[in-house]
Asker: 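Before anything else, here's the structure in question.
Below, read A as the first sequence line, B as the second, and so on, with proteins coming before strands; counting in each chain starts at 1.
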Amino acid sequence: VMTMNIMIDRLCKGKKLDEACKLFESLRAKGCTPDSVTYSSLIDGLGRQGRIDEAYKLFEKMLDKGHAPNAVVYTSLIKNFFKCGRKDDGHKIFKDMIRRGCKPDLTLYNIYMDCVLREGDINKGREIFEEMKQYGYAPDVRTYSILMHGLIKAGEARETYKLYYAMKERGCELDTHAYNITIHGFCKSGQVNKAYQLLEEMRLKGYPPTVVSYGAVIDGLAKIDRLDEAYMLFEEAKSKGIVLNVVVYSSLIDGFGKVGRIDEAYLIIEEMMQKGLNPNVYTWNCLLDALVKAEEINE
RNA sequence: UUAGUGCAAAGGAU
């Protein structure tokens with residue numbers, strides 16, 4: 001059965017879902033009885049492809065066959081219902097799980113909280129965060145990352161500071177993702193200097209800043225018109241061998257444009273194209289804004 | 001970890 005489970009999982013992940021279904025159907029004939037892992041794999045595979053109703057039907061079949069549902073399969077259902085925009089069904093699954101006496105685990109809480117936050121429901125997100133702690137689950141680095149990210153997107157970047165220190169106090173080590181999100185949060189809450197310092201902290205902790213880390217700080221500096229510093233950091237990143245991408249170039253172009261330093265904006269777009277990077281619609285938008293701004297100044 | 005998380009172009013730009 002385990003071999004079959006591995007095959008089914010691989011087929012699902014390889015987007016060969018129909019083959020996975022066929023294999024599943026043929027298990028009986030091969031003398032294999034699907035177990036809860038078999039069901040979970042396929043339920044998740046269906047859900048990922050947006051075939052959530054089929055996933056749910058298979059879940060019901062799994063119950064009929066006497067397999068006790070666990071947190072893994074519930075997580076998959078919740079996540080995929082939310083992803084399909086059916087948050088009510090997602091919430092319903094969570095309640096159903098509790099009603100059946102199945103205990104959520106940390107992963108389930110993390111995902112459930114993420115789903116709710118992505119819906120913009122930060123109060124419910126906070127509620128879940130508190131609930132998991134009440135039930136004795138220690139939030140991990142992902143929990144904090146998810147919460148921070150959700151709050152920042154909802155315009156509550158002010159909480160970055162508090163959460164960052166909460167992580168430190170609880171001995172929760174930040175990883176690259178967590179640092180990048182924290183940097184973003186500091187930039188969005190008027191603490192760019194703090195964000196800048198985190199680049200150094202990343203190096204010290206063994207998580208060297210990535211293009212995203214640099215990009216976030218460069219953007220943060222550019223947004224508050226500290227373009228010379230943004231440019232220095234941009235050069236620094238290049239000197240460290242970081243391959244800068246369209247997003248970072250666009251940030252700088254936008255920044256220079258906003259303060260009327262249009263020549264520099266042009267130089268940057270030129271450099272970008274020389275490196276074989278294609279400006280995208282955002283990039284052109286930044287430049288367009290700059291030109292409009294320059295026009296206004298002329299008048 | 002044989003199945004579910006912060007990467008479905010996700011995290012940073014307009």
Side-chain angles (χ1 to χ4, degrees), chain A residues 1-10 12-13 15 20 34-50 55 62 67 69-80 82-84 93 104-115 117-118 139-150 152-153 174-185 187-188 195 209-223 230 237 242 244-255 257-258 268 272 279-290 292:
Chain A
V1 191
M2 188 168 138
T3 315
M4 289 300 161
N5 287 345
I6 295 171
M7 287 181 69
I8 286 177
D9 183 51
R10 290 287 143 77
C12 287
K13 300 267 159 67
K15 297 181 181 175
D35 61 12
S36 59
V37 174
T38 324
Y39 280 100
S40 303
S41 300
L42 202 53
I43 287 167
D44 189 59
L46 287 164
R48 279 176 194 271
Q49 300 291 316
M62 170 183 162
H67 298 285
N70 61 15
V72 174
V73 72
Y74 276 117
T75 301
S76 177
L77 288 170
I78 289 171
K79 180 191 67 175
N80 289 313
F82 271 93
K83 207 154 72 182
C84 292
I93 297 287
D105 62 9
L106 185 60
T107 298
L108 188 140
Y109 272 121
N110 283 347
I111 295 174
Y112 188 35
M113 185 176 75
D114 189 38
C115 289
L117 288 170
R118 284 178 195 275
D140 65 2
V141 62
R142 292 183 180 203
T143 314
Y144 282 108
S145 299
I146 291 166
L147 183 58
M148 241 190 223
H149 177 256
I152 295 165
K153 289 287 180 195
L174 282 82
D175 60 12
T176 304
H177 263 280
Y179 273 115
N180 287 347
I181 293 169
T182 308
I183 286 173
H184 185 210
C187 288
K188 296 291 181 202
T210 65
V211 58
V212 176
S213 327
Y214 275 105
V217 181
I218 289 169
D219 184 60
L221 287 167
K223 286 257 189 315
I242 307 271
L244 300 179
N245 58 24
V246 190
V247 176
V248 184
Y249 277 95
S250 301
S251 276
L252 262 190
I253 291 165
D254 189 55
K258 287 272 195 300
I268 289 167
M272 167 179 180
N280 60 24
V281 60
Y282 294 130
T283 321
W284 293 121
N285 237 323
C286 295
L287 198 62
L288 208 58
D289 278 352
V292 169

Asker: Among all residues two or more places apart in sequence or in another chain, which pass the ring pair (Phe, Tyr, Trp, His ring centres under 6.0 Å) test with A:His177?
Answerer: none
Asker: List the residues meeting ring pair (Phe, Tyr, Trp, His ring centres under 6.0 Å) with A:Tyr179, not counting sequence neighbours, and say none if there are none.
Answerer: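 Partners of A:Tyr179 under the ring pair (Phe, Tyr, Trp, His ring centres under 6.0 Å) test: none.
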Asker: Indicate, with a heavy-atom threshold strictly under 4.0 Å, whether A:His177 touches base, sugar-phosphate, or nothing.
Answerer: base
Asker: Who pairs with A:Lys153 by salt bridge (Lys or Arg N to Asp or Glu O under 4.0 Å), at least two apart in sequence or on another chain?
Answerer: none
Asker: Considering residues at least two apart in sequence or located in another chain, which fulfil the ring pair (Phe, Tyr, Trp, His ring centres under 6.0 Å) criterion with A:Tyr249?
Answerer: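 Scan of A:Tyr249 (ring pair (Phe, Tyr, Trp, His ring centres under 6.0 Å), adjacent residues dropped) gives A:Phe234.
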Asker: Picking from B:U14, B:U5, B:U2, which would you name as closest to the side chain of A:Thr107?
Answerer: B:U5
Asker: Nearest to the side chain of A:Val212, heavy atoms from C-beta on, is which of B:G6, B:G12, B:A13?
Answerer: B:G12
Asker: Among the nucleotides B:A13, B:U2, B:U5, which one has an atom lying closest to any side-chain atom of A:Asn280?
Answerer: B:A13
Asker: Suppose we call a contact any N or O donor and acceptor under 3.5 Å apart; does that hold for the side chain of A:Asn245 and the base of B:G12?
Answerer: yes
Asker: Taking any heavy-atom pair under 4.0 Å as a contact, classify A:Ser76: base, sugar-phosphate, or nothing.
Answerer: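 Sugar-phosphate, backbone atoms only, no base.
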Asker: From the set B:G12, B:U2, B:A13, return the single nucleotide nearest to any side-chain atom of A:Ser250.
Answerer: B:A13
Asker: Answer with base, sugar-phosphate or nothing: what part of the nucleic acid does A:Val211 contact at a heavy-atom distance below 4.0 Å?
Answerer: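 The answer is base, as A:Val211 lies within the cut-off (heavy atoms under 4.0 Å) of a base atom.
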Asker: Near RNA chain B, under 4.0 Å by heavy atom, which residues of residues 39-46 of chain A?
Answerer: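 Result for residues 39-46 of chain A: A:Ser40, A:Ser41, A:Asp44, sorted by number.
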Asker: Of the residues in residues 213-221 of chain A, which ones touch RNA chain B at a heavy-atom distance under 4.0 Å?
Answerer: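 Residues of residues 213-221 of chain A under 4.0 Å from RNA chain B: A:Gly215, A:Ala216, A:Asp219.
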Asker: Regarding A:Ala222, tell me which of base, sugar-phosphate or nothing describes its non-hydrogen contacts under 4.0 Å with the strands shown.
Answerer: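 No contact at all - A:Ala222 keeps every heavy atom at 4.0 Å or more from the nucleic acid.
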Asker: Among B:U2, B:G4, B:G6, which nucleotide has an atom closest to any side-chain atom of A:Ala71?
Answerer: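 Of B:U2, B:G4, B:G6, B:G4 is nearest to the side chain of A:Ala71.
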Asker: Counting distance alone, no hydrogens or angles: does the base of B:G6 have a donor or acceptor under 3.5 Å from a partner atom on the side chain of A:Asp175?
Answerer: yes
Asker: So, is A:Arg48 close to the B:A3 phosphate, meaning a side-chain N or O under 4.0 Å from OP1 or OP2?
Answerer: no
